Engineer: 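First the structure, then my questions, so here it is.
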Amino acid sequence: MTTTVPDDRARAPRFQWVIAEPVIAAVAARAAVGVPGVVRLEPGLTGLASHVGRSTRQKIKGLAPAATEGVRVTAERRSVMPSIVPSISRVSVDLVTAGGHQAAAVARAVQREVTRAVADATGLTPQAVMVSIMDVDTDTDTDTGMDTDGTGVW
């Protein structure tokens with residue numbers, strides 16, 4: 001996603017900044033896993049395929065891939081004279097909740113936290129944050145975040 005910041009006096013482009021969708025996804029993923037009641041993000045088949053391709057390219061280039069599994073970002077560019085204004089139309093988050101938390105309350109908290117984190121990091125506010133609860137992990141202790149056998153959820 002690219003946007004041009006115009007010079008107010010000359011009405012000419014001053015500079016451009018670029019925010020790639022994987023960067024927004026990484027910000028959203030970090031925000032989502034920090035919400036109490038979220039055990040982990042759960043990528044679907046499409047998410048797994050895109051993650052493998054992206055992480056392979058980054059490893060070839062010697063970069064450490066950011067965790068984005070379970071998060072998809074859809075961006076659009078709207079034409080507003082005199083330039084193109086980017087917007088984030090949708091952030092989709094697929095996750096697993098802990099059994100001791102209300103799934104709907106966790107989903108609402110994830111929506112709020114992802115919206116806040118993306119806006120703080122990029123200056124762009126998602127038009128929608130869609131949360132899909134893929135599973136409820138009843139084996140997770142809601143107080144410690146550990147599996148009942150003590151090994152941890154990750």
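Please read all numbers here as calculations on a predicted model, not as lab measurements.
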Engineer: What is the minimum heavy-atom distance between Ala107 and Ile133, and which atoms define it?
Structural biologist: CB-CD1, 4.4 Å
Engineer: Looking only at non-hydrogen atoms, find the nearest pair between Ala117 and Val27 and report the distance.
Structural biologist: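 So the minimum-distance heavy-atom pair works out to O-CG1, 3.6 Å.
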Engineer: Tell me whether Ser92 contacts the main-chain N or O of Met130 through its side chain, where contact means a donor paired with an acceptor under 3.5 Å.
Structural biologist: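 Side chain of Ser92 to backbone of Met130, a donor-acceptor pair under 3.5 Å: no, none is there.
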Engineer: Between Asp135 (side chain) and Asp137 (backbone), is there a donor-acceptor pair under 3.5 Å?
Structural biologist: no
Engineer: With heavy-atom distances below 4.5 Å as the criterion, would you say the side chains of Val38 and Val106 are in contact?
Structural biologist: yes
Engineer: Under a 3.5 Å distance rule, please check whether Glu69 uses its side chain to pair with a backbone N or O of Pro43 as donor and acceptor.
Structural biologist: no
Engineer: State, to 0.1 Å, how close Thr125 and Ala119 come at their nearest heavy-atom pair, and which atoms those are.
Structural biologist: OG1-CB, 3.8 Å
Engineer: Which atoms form the tightest heavy-atom contact between Gly99 and Val136, and what is the distance?
Structural biologist: CA-CG1, 3.6 Å
Engineer: In Å and rounded to the nearest 0.5 Å, what is the CD to OG1 distance from Gln127 to Thr74?
Structural biologist: 10.5 Å
Engineer: Going by the side-chain contact (heavy atoms from CB on, under 4.5 Å) test, name the single residue among Thr97, Leu95, Val96 that passes it with Arg40.
Structural biologist: Val96
Engineer: Within the side chain of Thr122, is there an N or O that forms a donor-acceptor pair under 3.5 Å with the backbone of Leu124?
Structural biologist: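 Answer holds: yes.
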Engineer: Would you say Asp94 and Leu41 make side-chain contact, with heavy atoms under 4.5 Å?
Structural biologist: no
